Amino acid sequence: MAELRGKSAAELNKMLIELHREHLNLRVQRATGQLAQPARFRALRRDVARIKTLMQEQASQASA
């Protein structure tokens with residue numbers, strides 16, 4: 001979490017897009033029966049939540 005706090009909003013947004021792409025790839029793998037790491041879904045969801053939380057914190061600090 002500390003490493004994410006040092007990133008700018010643009011970097012966080014880029015990371016969020018990459019995580020969404022990875023999530024899409026995992027969904028395709030699951031649909032075709034080739035999914036090797038089912039636990040990665042949970043980790044991805046949590047990573048997305050962390051990034052969105054930080055983005056919201058930064059937005060609220062900027063407006064305050």
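All values reported here derive from a predicted model rather than from experimental measurement.
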Output the distance between atom [atom1] ([X]) and atom [atom2] ([Y]), rounded to the nearest 0.5 Å.
X: Gln56; Y: Gln61; atom1: CD; atom2: CD; value: 11.0 Å
X: Asn13; Y: Glu18; atom1: CG; atom2: CD; value: 10.5 Å
X: Arg42; Y: Arg46; atom1: CZ; atom2: CZ; value: 4.0 Å
X: Arg40; Y: Asp47; atom1: CZ; atom2: CG; value: 6.0 Å

Do Ile17 and Lys14 come close enough that some side-chain heavy atom pair is under 4.5 Å? no
Close side-chain approach of Leu19 to Glu22, heavy-atom, < 4.5 Å: yes
Identify the two heavy atoms, one from [X] and one from [Y], that lie closest to each other, and give their separation to 0.1 Å.
X: Leu12; Y: Ile51; answer: O-CG2, 3.6 Å
X: Phe41; Y: Leu35; answer: CE1-CD2, 3.4 Å
X: Glu3; Y: Lys7; answer: O-CG, 3.6 Å

Who pairs with Lys52 by side-chain contact (heavy atoms from CB on, under 4.5 Å), at least two apart in sequence or on another chain?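 So Lys52 forms a side-chain contact (heavy atoms from CB on, under 4.5 Å) with Leu16, Val48.
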